[in-house]
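Below is one structure, written out as C-alpha cells, with a few remarks after it.
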Amino acid sequence: MKDGDGALMGDTKVSATNVNVYYGEAHAIKDVSVEIGDKAVTAFIGPSGCGKSTFLRCINRMNDTIDICRVTGSILLEGEDINAKSVDPVQLRARVGMVFQKPNPFPKSIYDNVAYGPKIHGMATNKPDLDAIVESCLRKAALWDEVKDRLDKPGTGLSGGQQQRLCIARAIATSPEVLLMDEPCSALDPIATARVEELIDELRDSFAIVIVTHSMQQAARVSQKTAFFHLGVMVEYDDTDKIFTNPSDKRTQDYITGRFG
Amino acid sequence: MGVSTLILVVLALAAAGYIAGRMKAKAMERAGARPHSRSGFHAAHVMNWVLLPSLAVIVLIVIARPIIVDNAVRAEFPAELRQDETQSNLIAGMVSQIAGGLTLLDEGEREQVRVGLVPLRPLLAEKGVALGGADIEPFMVRAADTLNGLNSTFSGALWLLTILAAVIGGALGWLQIKPEMRARNRVETVIKGVLIAASAIAILTTVGIVFSMLSESLRFFSMVSPVNFFFGSTWDPRFAAADSTGDEGGQYGLLPLLWGTAYISIIALIIAVPIGLFSAIYMAEYASKRVRGIVKPIIEVLAGIPTIVYGFFALVTVGPIIRDAVAVPLGLGSSGSSVMTAGVVMGIMIIPFISSLSDDIINAVPQSLRDGSYGLGATKSETVRQVVLPAALPGIVGAVLLAASRAIGETMIVVLAAGVATRISLNPFQEMTTITVKIVSQLTGDTEFTSPQVLVAFALGLTLFVVTLGLNIYALHIVRKYREQYD
Amino acid sequence: MADIAAPRRAASLAEVTPSLKKRRAAEARFKAYGIAAISVALFFLVALLSTVFYNGASAFQQTSIRLTVDLKQDVIDPQGRNTADAVMTGNVFRWGGLVDEALLSQLGIDPNDELLAADAQKLISGGARIYLRDYVAENLDQIGTKQEIWFLADGVVDAFMKGSISEETEESRRPIKDRQIAMLRQLEEAGALEKKFNTGLFTFGASSRAETAGVGAAMVGSMYMMLVVLALALPIGVAASIYLEEFAPKNRWTDLIEVNINNLAAVPSIVFGILGLAVFINFFGLPRSAALVGGLVLTLMTLPTIIIATRASLKAVPPSIREAALGVGASKMQAVFHHVLPLAMPGILTGTIIGLAQALGETAPLLMIGMVAFIADIPSGPTDPATALPVQIFMWANMAERAFVERTSAAIIVLLGFLLIMNVTAILLRKRFERRW
C-alpha cells in the first residue's frame, strides 16, 4: 500500500521552525522544526508524554483553548504565519481539520454531524448542496453504505469504529488542506483500526495528513515520513523506511527496538 | 411531673446501669478472664437494656393514652351526641376544660358539683377558669371525672411501668455479662438500629406529609365535591359562623388560584431563564478563572437571601416602580401588588438556581465535544449554541423544571406582592392570587378545624405537594440520566 | 472533490471574508449577552441590598428627648413603701402625668393652655410612661428626687428628625405641626434632643408604636428554634447519612430513601408548615406559636440539606482509610466512628451551618403553626409563645407607616447580618479544614 520513496509527495504544506510550547512553567515542546509535505502522511511517534500531541495541536492552534498554554516560534501554512495576530483560528481550523483520539461525535444526527462544518462556514447555501457534501464525505470516509438509511439517527448510536469514521467524515467536510489525526485508532479494536488505516491511505491523495500514534507498526503501515519525539524534543525526522530500518539517532533506535516507550 | 422528668429519671438509671456494668466487667478482667469485648461495651450493653424497654414503655403509653381516654370520655356522652362528630368534638373540648377546672377544686366542692348542688360555671369562674360554649350538663361533669381519673391512673402507671422496665431490663443485661458474651456486636447492632431509625425519619416525614394532608383533604371533600374544587372557577370561601354547619359555606374553585400560580411562575421563568442561562454560559465558557471565582459566589448570594426579604423588596421598591412607570401610564392597573411585581421578583430569586445548576451541567459536557467543534473551525459561540447547549439541553430542562417547582411553591413573595384578589385574566398588572397565598390566609387567624374554610387549605396543600413532587421527580430523573450519560 | 460545491475560501489566512465578519459579530453579540445577563443579575442584587440599607440604616438611631423629671413621692407611692411592687402596680397614668409635667416645664408651656400642651405631649412616645415606671422600679432610691432621663421621642418626631418628613410640605399635609417643630428646635437648642444609638431595636418586642418596636423577642424566638434544630437535625442527619453511606445495602429500600431525601429537599417549605400544624399541634397537642414546634418543623425541613452535605463529605473520605482501620482489627462501626466521621466533620459542620442559615430565614412554615403572634415580651423558654425574626419582618412589612418601613429594613439588616456571619463561618471552616485526597 505504501509508496515509500516520497516521489509522489507534493510541496511543503506546513513548515514549523523553532516551535516552543509552555504549559505554565513546564516546557513541553523544545525547539521543534519540521516540514510537512502535501498529499502524504506524516507520522509523529514517541513514548507517551513526549509532546507529539501537543505539537500536533499547535498546527491548528487548538492549544488556544487552554488558558495556560503559550506557543513561540513560527508555523507557516503555505507560507503564511498561522500565529499572526491577524489570523483568526476559526479560519485556520477550516483549512486544518482535526480528528481526535476518542471518537467525539456531537449528540446530533449523523447527517448534522457531517453538515455542521459546512454550515458554520457557509459552504453550502441550500439543502441539495449540503446533501451532496454529506454524501460525498460519508462515501470518502467509507461509511456511506453503512449509514445511508439512518442519516437522521444520532451519531452516538454508532459503533466505536463507525463513530471515528464519522468524525473523519465530519473533519473532511470543510474540505481542509491538512488533516491532523491525534491517535485516531487508540480507542478502536483491530478490525476497526484496519478500516481507518485503509481510509487514511485513500485520503492521502487529497490532503496532507499528520497522524500522531504510539503504535510503531501503524506509523510504518500508513506513513511516508516519520518524526520521532522524545521528552519534548524532535529527535529524528526522515522517510518512514529510513526511520524504521536505519535510524541515525541512538534514542530512535532504542525506541524502535522496544528498549523503552 | 411530666414525661420529661420521667425521661431524666430513665437517663439517670441508664447511667447507673452503665457504671454497674463497667464495674462488673472490670472485675472480670481483673480476675484474669479474657473477655470477648472491652468493659466499655459491656457497660453500654447494660445501658441499652435499661433504655430500650423503658423508652418503649413510655412511647407506647404516651401514644395509647389519648386514644383510650378519649374513647372513655365519649362513652359518657349521650348516644345521639356521639352521632354528630362536629358537636361531640366541641363537647370533648369543653369536657377537658371542665376537667382542668375540677382539679382546682377541693374534694368537698367537687362532691357538691357532682350531685348538682352548686353550679359549676360560677365556681370555676371564681378560680379564674372561664368556661365557654354550651350549657354544662351532668354527663359532662361525669365525663370530666372519668377523664381526670383515667389521667391520674395513666400517670401512675406510666411511672411505675417505666421504672420497672428500666430496672428489670438493667438487671437482665447486667446478669448477661460474661467473658464470652459478644457485647460489642450487640451494642453495635443497637447503634445500627438507631442509625436505621434516623434514616427512616426521612420516609416518615413524607408519609406524615401525605397522610396528614390526605386525611384532612378527605374531610374537606366530604363537604365540597372534588369536581367543584378542581374545576370550579370561583373562589369565594365566605367565612360563615363556626356552627352554621347546614350552609356549605362558599365556593372553592381551584382554577383561579392555579392560574395565578402558573402566570406568576411563567413570568418568573421568562425573567430568570435567559439571565440565568446566559450567566451560566458566560461563566462556564468565557470568564477567566478569576472572574468566575468572584462573580459566581456573588450571584449565589441571591440564593441565600431569605424569601421574606424579596417580598419586602417587591412591596416597597419593585411594586411601586412597576405601578408608576408601567401599569398606570398604560392604564392597565393601579395596584402595586400584581402578577408582574411578584413574577419579576420571583424571577430574580430563581436566577441563581438556574445559573448554578446550568453552570454545573454545561461544565459536565465533555471537553472532547468542544474540541471536535473547534477543530472544525467553529467559533466559541457557534460551539456553545450548536454543540454544548444541545448536549446540555436535558440537564438544563431539568434545572428549569426544578426552578419552576421552586416558583410554584414560593410563598412569602406572593403573600406580600401578588395581592389577594382571585381572578383569571391575562393582564399581568392586576392583582391575582396563588395557591400558597390562600393556604396562608385560610390557615392563619382563628382556626376552627371542622369548617371547610380551613380544611380547604389542606386540599390546596396536597395539590401543591403533588404538583411540585411530580415536577421534582421528573426533573431529578432527567438530571440524573443526563449525568450518567457523561460519566 | 468535483462533486462538492467549491467553497468560497479566502485567498489568505488573514483575509476577512464577509462571512467571517458576520460570524465575528455574532460571536461578539453572544459574549455581550452573557456579560449583560451577569450585569443584570448583579444589578438586581445591588438594588435589593441598597433598598434595604437605604431604608434601614436610619433605624439604628432613634431620636430621644431629655427631661428633668420630678419623681414625686406622693404621686409615685403615697404610702411611702418604696418597693418595686408598689411602683409596678397602681394607676399607669400617674407616670404619664410626671412625664408631661417635666416636658411642659422644659418647654415653658402653661399646662392650662390645653391645645398647646396636647401638641407638646405628642412629641414624646406613648411608651414613655411604661419606661419611666420600669426606670423607677429599678432605681427606687431616686424616688423623691429630680432626675434627668432620656425618653424616646414619638415616631413622627423621629421621622421628622431623620428628614423623611419635610418641613417644606404644607402644614396640613404633614403629621407634624409648625408649632411642634418650633418646640423641637427649642429642645434641640437646649441640648435636650438627640439621636442616640437605638438599643431598643435589639431589646424590645413587638409593639404597635414604631419607636418602641424591636426585634429582641423575635431574636430570642429564632435562637430557641435554632437550638432545637441544631440539637435534633445534626445528630439525626449524621446518623441517617452514616447508615445510608456506610451500612445500607444497595436495595430498593435504600433507593427509595435516597429518592425521597432528594425530593424532600425540594418540597415547598409551606408544606412542612402544614405538616407541623397537622402532626405536632393537632395530633401531639404541642402548644401553638411555640418555638419548640417551629424548631421541629424547621428540623424536618433542614434534615435533607444536612443529609446531602454529610453524605457528600463521607463519600469524600477515601476507602483506604476504612480499609486501614479494618486491617488493624477495628469493627466496621469503629472504623466509621473513629476514623471516617472525624475526617468528614468539617464538611458536615459546613453543611449544617448552611442548613441552619436556610432555616433561620424561613418564614412560610412558621405562619402555619401560629408564630405570627404579637409577642411583646421576650419568651422565657422554647414552649412559650414566640415569634421569629423573619416572621417579625413579615408582620412589620404589612404596616403602612414610614417608621415601620424603616424598622422592617433594620430587622432585615439584622437578619442578613446573622446569615452573613453564619455563611462566612461556613466558608472559613471549609477553607481551614478542607482536605484534598
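Naming: A, B, ... by sequence-line order, numbering from 1 per chain.
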Self-check item: C/V267, part contacting chain B, at a heavy-atom distance under 4.5 Å
Solution: both
Quiz item: Which pair of non-hydrogen atoms, one from C/A239 and one from B/A198, has the smallest distance, and what is that distance?
Solution: CB-CB, 3.6 Å
Practice problem: Evaluate the side-chain proximity of C/Y243 to B/V194: yes if any heavy-atom separation is below 4.5 Å, no if none is. | Solution: no
Practice problem: Identify which part of B/I203 has an atom lying under 4.5 Å from any heavy atom of chain C, answering side chain, backbone, both or neither. | Solution: both
Quiz item: Can you tell if the side chain of C/T51 reaches within under 4.5 Å of the side chain of B/V318, non-hydrogen atoms only?
Solution: no
Practice problem: Identify which part of B/T379 has an atom lying under 4.5 Å from any heavy atom of chain C, answering side chain, backbone, both or neither. | Solution: both
Quiz item: Who wins among B/M213, B/E382, B/H477 for the most heavy-atom pairs under 4.5 Å with chain C?
Solution: B/E382
Quiz item: Does the side chain of C/N263 come within less than 4.5 Å of B/I473's, by heavy atoms?
Solution: yes
Quiz item: Based on non-hydrogen pairs under 4.5 Å, which of C/M333, C/E27, C/R24 is most in contact with chain B?
Solution: C/E27
Self-check item: B/A202 versus C/N260, closest heavy-atom pair with distance
Solution: O-ND2, 3.2 Å
Exercise. Step by step, work out the side chain to side chain contact (heavy atoms under 4.5 Å, CB included) result for B/F313 and C/V52.
Key: CA-CA 8 Å; B/F313 181 54; C/V52 169; over 6 Å; no
Quiz prompt | Largest heavy-atom contact set with chain C, pairs under 4.5 Å, which of B/K192, B/M283, B/M412, B/E285 | solution = B/M412
Quiz item: Would you say B/P306 and C/L416 make side-chain contact, with heavy atoms under 4.5 Å?
Solution: yes
Practice problem: Check the surroundings of atom CZ in C/F44: do more than 12 heavy atoms from other residues, nucleotides or ligands lie under 6.0 Å from it? | Solution: yes
Quiz item: Which of these passes side chain to side chain contact (heavy atoms under 4.5 Å, CB included) with B/V309: C/L49, C/I412, C/T363, C/I413?
Solution: C/I412
Quiz prompt | Heavy-atom contact with chain C under 4.5 Å, split by part of B/A378 | solution = backbone
Practice problem: Tell me, out of C/V40, C/L303, C/T408, who's got the most heavy-atom pairs with chain B below 4.5 Å. | Solution: C/T408
Quiz item: Of the non-hydrogen atoms in C/A41 and B/I275, which two are nearest, and what is the gap between them?
Solution: CB-CG2, 4.1 Å
Quiz item: Roughly how far apart are B/T411 OG1 and C/L367 CG, rounded to 0.5 Å?
Solution: 8.0 Å
Practice problem: Taking the side chain as every heavy atom from C-beta outward, state whether B/L416 and C/F394 have any atom pair closer than 4.5 Å. | Solution: yes
Quiz item: B/I281 versus C/F30: any side-chain heavy-atom pair under 4.5 Å?
Solution: yes
Quiz item: Just how far is it from atom CG of B/L315 to atom CG of C/N398, taken to the nearest 0.5 Å?
Solution: 7.0 Å
Quiz item: How close do B/R385 and C/A26 get, heavy atom to heavy atom, and via which atoms?
Solution: NH2-CB, 4.3 Å
Quiz prompt | Other residues, nucleotides, ligands: >12 heavy atoms within 6.0 Å of C/F283 CZ | solution = no
Self-check item: When B/T436, B/I196, B/L469, B/T206 are compared by non-hydrogen pairs under 4.5 Å with chain C, the top option
Solution: B/I196
Quiz item: Between B/E410, B/R184, B/R406, which residue shows the highest count of heavy-atom pairs closer than 4.5 Å to chain C?
Solution: B/R184
Self-check item: Point-to-point distance, once rounded to the nearest 0.5 Å, from CD1 of C/I274 to CD1 of B/I439
Solution: 4.0 Å
Self-check item: Region of C/L419 that comes under 4.5 Å of a non-hydrogen atom in chain B
Solution: side chain
Exercise. To the nearest 0.5 angstrom, please state how far the OG atom of B/S355 sits from the CD1 atom of C/I38.
Key: 8.5 Å
Quiz item: Taking B/P297, B/G208, B/S381, B/A457 one by one, which has the highest count of heavy-atom pairs under 4.5 Å against chain C?
Solution: B/S381
Quiz prompt | Segment of C/A357 engaging chain B (4.5 angstrom heavy-atom cut-off) | solution = neither
Quiz prompt | Contact origin within C/I261 toward chain B - heavy atom pairs under 4.5 Å | solution = side chain
Quiz item: When you look at OH of B/Y286, are more than 12 heavy atoms from neighbouring residues, nucleotides or ligands closer to it than 6.0 Å?
Solution: yes
Quiz prompt | Which of C/G276, C/P304, C/S409, C/A411 touches chain B most, by non-hydrogen pairs under 4.5 Å | solution = C/S409
Quiz item: Considering only heavy atoms from C-beta outward, does the side chain of B/I209 approach that of C/L264 to under 4.5 Å?
Solution: yes
Self-check item: C/I35 versus chain B, the contacting section by heavy-atom distance below 4.5 Å
Solution: both
Exercise. I would like to know whether B/I191 and C/F247 meet side chain to side chain contact (heavy atoms under 4.5 Å, CB included); could you show each step before the answer?
Key: CA-CA 11 Å; B/I191 296 180; C/F247 294 98; over 6 Å; no
Quiz prompt | Which atoms of B/I298 approach chain C - backbone, side chain, both or neither, heavy atom under 4.5 Å | solution = both
Self-check item: Separation of B/E300 CD from C/L45 CG (nearest 0.5 Å)
Solution: 12.0 Å
Exercise. Step by step, work out the side chain to side chain contact (heavy atoms under 4.5 Å, CB included) result for C/E362 and B/I308.
Key: CA-CA 8 Å; C/E362 200 50 72; B/I308 178 73; over 6 Å; no
Quiz item: Is it the side chain or the backbone of C/Q334 that comes within 4.5 Å of chain B heavy atoms, both, or neither?
Solution: both
Self-check item: Gap separating the CD1 atom of C/I270 from the CZ atom of B/F465, nearest 0.5 angstrom
Solution: 14.0 Å
Quiz item: Which answer fits C/E246, side chain, backbone, both or neither, if we ask what part of it has an atom under 4.5 Å from a heavy atom of chain B?
Solution: neither
Self-check item: Close side-chain approach of B/T205 and C/F272, heavy atoms under 4.5 Å
Solution: yes
